[in-house]
Amino acid sequence: GQQVMQIPQYQHVQEGEDFTTYCNSSTTLSNIQWYKQRPGGHPVFLIQLVKSGEVKKQKRLTFQFGEAKKNSSLHITATQTTDVGTYFCAGPSGDSWGKLQFGAGTQVVVTP
Amino acid sequence: NAGVTQTPKFQVLKTGQSMTLQCAQDMNHNSMYWYRQDPGMGLRLIYYSASEGTTDKGEVPNGYNVSRLNKREFSLRLESAAPSQTSVYFCASSDGFNQPQHFGDGTRLSIL
């Protein structure tokens with residue numbers, strides 16, 4: 001079945017630095033969604049990408065969907081302590097209606 | 001506008017006990033989901049309900065049952081709790097296929 005993999009699993013970042021986290025699917029995706037979960041909190045939807053090669057920005061966050069629609073990336077510029085949390089990507093499972101396959105997430109720790 | 005409400009927030013059970021986790025959404029969403037989250041494993045789908053009156057198994061349904069009581073409410077039942085079911089349980093809802101999911105605050109369940 002489809003697998004969604006995220007790398008790295010952990011990311012330690014100095015405040016002010018940039019970093020990128022990656023999401024790879026074993027199959028072509030119709031769309032990909034990104035969620036953020038703060039420590040002790042619940043996942044919160046960030047963005048959805050639909051088109052091949054699509055790039056969307058939210059302030060310091062840049063999301064990209066690969067040309068082949070099998071991978072995606074999240075780039076954070078000038079990391080702040082408010083960026084702490086786990087970032088998940090998710091894509092349709094492909095085998096049934098409406099189900100999302102979540103990656104295991106990238107846990108981001110920011111050092112002041 | 002409360003969004004997705006889960007009760008209880010915390011629960012400790014003994015092995016073999018049963019309990020029902022409650023979930024209600026006030027966004028008039030058609031679809032609802034139950035996930036469990038374990039460290040390093042992301043979100044795994046237990047059951048989902050594409051629309052009122054239907055329920056389907058997700059990735060890890062064994063040991064659980066669900067009821068879509070009406071459009072607003074979707075409950076998860078553990079008939080005979082086992083230590084392996086210690087986890088954080090999240091309920092989510094969405095407006096339909098490929099739409100962003102909105103999560104509740106979670107239920108932290110420990111089984112001794």
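Everything quoted here is computed from the prediction, not taken from an experiment. A note on names: the letters A, B, ... follow the listed sequences, proteins ahead of strands, and every chain is numbered from 1.
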hydrophobic_cluster_shared for A:W34 and A:L29, side chain cutoff 4.5 Å: yes
Interchain contact, B:R108 with chain A, by part (heavy-atom threshold 4.5 Å): side chain
Side-chain touch A:L100/B:Y48, heavy atoms, less than 4.5 angstrom: no
Donor-acceptor pair, side chain of A:Q48 and main chain of B:N98, under 3.5 angstrom: yes
A:V44 reachable from A:L61 in the ILVMFWY side-chain graph, under 4.5 Å edges: no
Flag for B:Q37-A:Q37: side-chain donor and acceptor within less than 3.5 Å: yes
When B:G104, B:G42, B:G106, B:P100 are compared by non-hydrogen pairs under 4.5 Å with chain A, the top option: B:P100
Least distance between heavy atoms, B:E59 atom then A:Q101 atom: OE1-NE2, 4.3 Å
Toward chain A, the part of B:L43 with a non-hydrogen atom under 4.5 Å: both
Contact class of A:S30 relative to chain B, heavy atoms under 4.5 angstrom: side chain
Option in A:P43, A:G105, A:A104 with maximal non-hydrogen atom pairs under 4.5 Å from chain B: A:P43
ILVMFWY cluster, B:V60 and B:M19 together (side-chain gap under 4.5 Å): yes
Rounded distance [0.5 Å steps], NZ in A:K99 versus NZ in B:K57: 11.5 Å
Linked, directly or transitively: B:Y33 and A:F88 (ILVMFWY side chains, under 4.5 Å): yes
same_hphob_cluster(A:L46, A:V108) at 4.5 Å side-chain heavy-atom cutoff: yes
Residues of residues 66-78 of chain A near chain B, each having a heavy atom less than 4.5 Å away: none
Heavy-atom contact with chain B under 4.5 Å, split by part of A:Y35: side chain
Where B:F90 and A:G41 come nearest, the two heavy atoms and their spacing: CZ-O, 3.6 Å
